[in-house]
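Right, one structure below, let's go through it.
For the single chain, residues carry numbers from 1 onward in sequence order.
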Amino acid sequence: MPHPVPAQVWGLSCPGFPEEVSRARRWTRDILRGAPFAEDAELIVSELSANAILHTASGLDSGSFHLAVAVSAQVVAVSVTDDGGTGTAPKAEHQDQDAEHGRGLGMVSAIAHRVVIHDSDGGHTVTAELFTDVRRGGHPC
């Protein structure tokens, strides 16, 4: 009986500067090259990183955001942890198609098979999961 292969996990901490969003995106692309959902994960990382900088203390002086990518045979998961400072947790809101802001997390929810948001060390962590083996209807096999 073969042993299950453990998940591989990578982490990156970035200062809260706008140019770090493209760095996070490139880093994700390099890790996931050839993996299922690599392009979706890259887009999700871009949105979540930008949200952290724009909407939390991560974008303030000395702010930062933290990125984790986990890959197993069943799932590609990307997480972004912000520095908090907003008083409310991030949430997916359905915005008007022409709205300039507020569509990012809704878009992430539309791309990912599951999105989990939780408090962590004064900030919030948003994890988007992309299941590698999904039946029609979005349910894992």
Side-chain angles (χ1 to χ4, degrees), residues 2-141:
H3 294 276
V5 176
Q8 292 182 290
V9 181
W10 296 264
L12 177 69
S13 292
C14 298
F17 304 126
E19 59 271 19
E20 292 297 312
V21 173
S22 61
R23 177 177 166 223
R25 190 176 177 129
R26 281 191 312 272
W27 180 79
T28 303
R29 182 182 330 132
D30 290 344
I31 288 171
L32 296 177
R33 186 161 282 132
F37 301 112
E39 289 179 4
D40 289 342
E42 186 181 337
L43 179 59
I44 289 168
V45 163
S46 183
E47 288 297 325
L48 295 181
S49 299
N51 284 351
I53 292 169
L54 289 171
H55 302 296
T56 75
S58 294
L60 301 177
D61 287 343
S62 75
S64 62
F65 64 95
H66 310 282
L67 174 62
V69 175
V71 179
S72 73
Q74 295 81 27
V75 68
V76 173
V78 294
S79 299
V80 173
T81 302
D82 64 45
D83 285 345
T86 59
T88 59
K91 61 182 178 284
E93 294 181 354
H94 297 286
Q95 297 288 338
D96 184 323
Q97 198 68 13
D98 297 327
E100 289 186 33
H101 300 288
R103 293 192 323 257
L105 198 50
M107 184 179 67
V108 168
S109 295
I111 295 169
H113 297 115
R114 182 168 68 171
V115 176
V116 179
I117 302 168
H118 64 272
D119 295 339
S120 62
D121 297 330
H124 302 96
T125 298
V126 180
T127 301
E129 298 175 343
L130 299 159
F131 301 119
T132 57
D133 192 7
V134 176
R135 294 183 193 156
R136 290 189 184 273
H139 300 288
C141 295

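- Between the side chain of Asp82 and the main chain of Phe65, no donor-acceptor pair closer than 3.5 Å is present.
- Here the closest heavy-atom approach between residue Leu67 and residue Ala24 is recorded as CD2-CB, 3.8 Å.
- Of the listed residues (Val80, Asp119, Thr56), just one forms a side-chain contact (heavy atoms from CB on, under 4.5 Å) with His124, and that residue is Asp119.
- Closest of all the heavy-atom pairs between Ala41 and Val78 is CB-CG1, 4.1 Å.
- Note on ring orientation: taking the six-membered ring where Trp is involved, the planes of His113 and Phe131 are parallel (angle under 30°, cut-offs 30° and 60°).
- For the pair Thr132 (side chain) and Gln74 (backbone), a donor-acceptor distance under 3.5 Å is present.
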(request) Check step by step if side chain to side chain contact (heavy atoms under 4.5 Å, CB included) holds for Met107 and Leu43. (result) CA-CA 10 Å; Met107 184 179 67; Leu43 179 59; 4.2 Å; yes
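- Atoms CG and CH2, from Leu32 and Trp27 in turn, are 8.5 Å apart once rounded to the nearest 0.5 Å.
- Within the model, atoms NE2 of His66 and SG of Cys14 stand 9.0 Å from one another, a figure rounded to the nearest 0.5 Å.
- When all heavy atoms of Leu130 and Ala112 are compared, the pair lying nearest together is CD2-CA, 3.6 Å.
- Taking OG1 of Thr127 as the start and NE2 of His118 as the end, the distance is 5.5 Å to the nearest 0.5 Å.
- Pairing each heavy atom of Ile44 with each of Ala128, the nearest pair is CG2-CB, 3.6 Å.
- In terms of heavy atoms, Ala52 sits closest to Ser58 at O-CB, 3.4 Å.
- Side-chain contact between Trp10 and Val71 is present, with at least one heavy-atom pair separated by less than 4.5 Å.
- Evaluation of the salt bridge (Lys or Arg N to Asp or Glu O under 4.0 Å) test over residues 6-20, restricted to residues two or more places apart or in two chains, returns Glu20-Arg23.
- Across all their heavy atoms, Thr125 and Ser79 have their closest contact at CG2-CB, 4.0 Å.
- When side chains are defined from C-beta on, Leu48 counts as touching Leu105, because their heavy atoms get closer than 4.5 Å.
- Glu42 meets the salt bridge (Lys or Arg N to Asp or Glu O under 4.0 Å) test with Arg25, Arg29; sequence neighbours excluded.
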